[in-house]
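Taking it in order: structure first as structure tokens, then the write-up.
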Amino acid sequence: MEEAGERSTSNQSTPTTSPTKLPRGNWVCAKPSTSQSVNLNEHITEKLEVLMNAYKNTKDQWRALGYRKAIGALKSHPRAVTTWEEASAIPGIGSRLADKIAEIVQSGHLRKIDHVCQGEEAKILDIFNNIWGVGPTVAQEFVQLGYKTLEDVRTKAKLNKQQQIGLSHYYDFLDRMPRDEAAEIGKLIEDATKEFNPNFVCTTCGSFRRGKKTCGDVDVLISHLDGHSHKGILFKLLEKLHST
DNA sequence: TGGCAAATACTG
DNA sequence: CAGTAT
DNA sequence: GCCA
């Protein structure tokens with residue numbers, strides 16, 4: 001139930017805090033917060049993301065992976081792409097995606113989205129895939145059983161523990177907060193932690209650390225300079241937070 | 001044409 | 001273990 | 001989907 005780091009698709013050099021060549025990959029979280037943080041191709045990536053999500057919903061994971069890499073490359077591209085040639089020259093973008101990018105640039109729309117996402121089944125699959133704990137396989141099983149709404153799932157489906165939580169908090173998990181609010185929560189956790197020992201180090205990671213404008217959750221890394229004093233703190237911290 | 005992210009958790 | 005999901 |  002853990003989330004691995006998000007690997008950047010771009011291939012830009014990574015300014016480093018250590019002079020030696022360490023086995024650290026090209027991670028988004030390893031880049032300085034001052035690196036380009038604005039997506040100059042948002043009008044393109046927002047549409048490709050819709051298609052990518054639709055393909056992921058249908059278990060077409062490799063096609064979705066191709067889209068994900070292309071979208072990442074577009075987001076870190078230093079200019080707004082305007083031509084087919086410029087698009088296809090970007091690593092990770094081939095002729096097929098260059099076609100789609102060109103269409104978006106010229107018409108402001110991508111007809112493929114309609115064909116793929118317009119159908120009733122695609123819409124239902126999207127609803128079900130957004131249940132935390134339900135992925136493409138289970139979502140398709142639900143559709144096969146004739147389920148069409150969350151209410152169908154609630155009343156008819158057999159759900160494991162995780163999926164029950166996912167369904168009961170459906171909209172909460174979909175909801176995102178402004179990053180300022182995530183910062184406040186991080187601070188609250190830091191304060192509570194340092195009441196145990198002011199030498200604890202609290203770092204808010206995840207989407208907040210990557211500079212996102214909104215956050216779906218707040219990830220806080222708790223450590224200690226001596227490398228071990230933070231062990232076992234989690235349970236006590238939760239106890240404290242719950243009591244307030 | 002075939003490979004393409006890695007690590008971890010839960011379930012039957 | 002194999003499948004599913006995060 | 002992209003790429004070797």
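Just so we're on the same page: letters track the sequence lines, and every chain starts at 1.
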Checklist entry - What integer number of Å spans the C1' atoms of B:dA5 and C:dA5? => result 15 Å

Checklist entry - How long is the line joining CG of A:Asp60 and C1' of D:dG1, in whole Å? => result 8 Å

Checklist entry - What is the distance from CG of A:Asn57 to P of C:dA5, rounded to the nearest Å? => result 11 Å

Item to check | Interatomic spacing from NZ in A:Lys148 to NZ in A:Lys123 - rounded to 0.5 Å | outcome: 12.5 Å

Item to check | Interatomic distance where CD belongs to A:Gln163 and P belongs to B:dC10 [whole Å] | outcome: 13 Å

Checklist entry - Between B:dA5, C:dT4, D:dG1, which one does the side chain of A:Lys112 approach most closely? => result D:dG1

Next on the checklist: Students often get this wrong, so: under 4.0 angstrom with heavy atoms, is A:Ile93 touching a base, only sugar-phosphate, or nothing?
Outcome noted: sugar-phosphate

Item to check | Residue A:Lys240 excluded, over 12 heavy atoms near NZ under 6.0 Å | outcome: yes

Checklist entry - In terms of side-chain heavy atoms of A:Lys161, which of D:dG1, C:dT6, B:dT11 is nearest? => result B:dT11

Checklist entry - Counting side-chain heavy atoms from C-beta on, which of D:dC2, C:dA5, B:dC4 comes nearest to A:Leu97? => result D:dC2

Checklist entry - Given side chains that start at C-beta, do those of A:His77 and A:Glu86 come closer than 4.5 Å, heavy atoms only? => result yes

Item to check | Closest listed nucleotide, where the reference is the side chain of A:Val138 and the choices are D:dC2, B:dC4, C:dA5 | outcome: C:dA5

Checklist entry - Rounded to whole angstroms, how far apart are NZ on A:Lys158 and C1' on B:dT11? => result 10 Å

Next on the checklist: Is there a side-chain contact between A:Lys69 and the phosphate of D:dC3, meaning an N or O under 4.0 Å from OP1 or OP2?
Outcome noted: no

Checklist entry - Is the number of heavy atoms from other residues, nucleotides or ligands under 6.0 Å of A:Glu46 CD greater than 12? => result yes

Next on the checklist: So, OP1 or OP2 of C:dG3: does either fall under 4.0 Å of a side-chain N or O from A:Thr137?
Outcome noted: no

Checklist entry - Which nucleotide in the list D:dG1, C:dA5, B:dA5 gets nearest to the side chain of A:Arg68? => result B:dA5

Checklist entry - How would you label the contact of A:Gly135 with the nucleic acid (heavy atoms, under 4.0 Å): base, sugar-phosphate, or nothing? => result sugar-phosphate

Checklist entry - Mind checking the P distance from D:dG1 to B:dA6? Whole angstroms is fine. => result 24 Å

Item to check | Spacing between A:Lys59 atom NZ and C:dA5 atom C1', to the nearest angstrom | outcome: 12 Å

Checklist outcome for this item: A:Asn129 CG to C:dT4 C1', in whole Å, measures 12 Å

Item to check | Euclidean distance, atom CG of residue A:Leu159 to atom C1' of B:dT11 [Å, nearest integer] | outcome: 14 Å

Next on the checklist: With the six-membered base ring of B:dC4 as reference, does the ring of A:Trp62 sit under 5.5 Å away with planes under 30° apart?
Outcome noted: yes

Checklist entry - So, is the end of the A:Lys156 side chain (NZ or CZ) under 6.0 Å from the ring centre of A:Tyr147 and within 45° of the ring's axis? => result no

Checklist entry - Rounded to whole angstrom units, what separation is found between the CG atom of A:Leu167 and the C1' atom of C:dA5? => result 16 Å

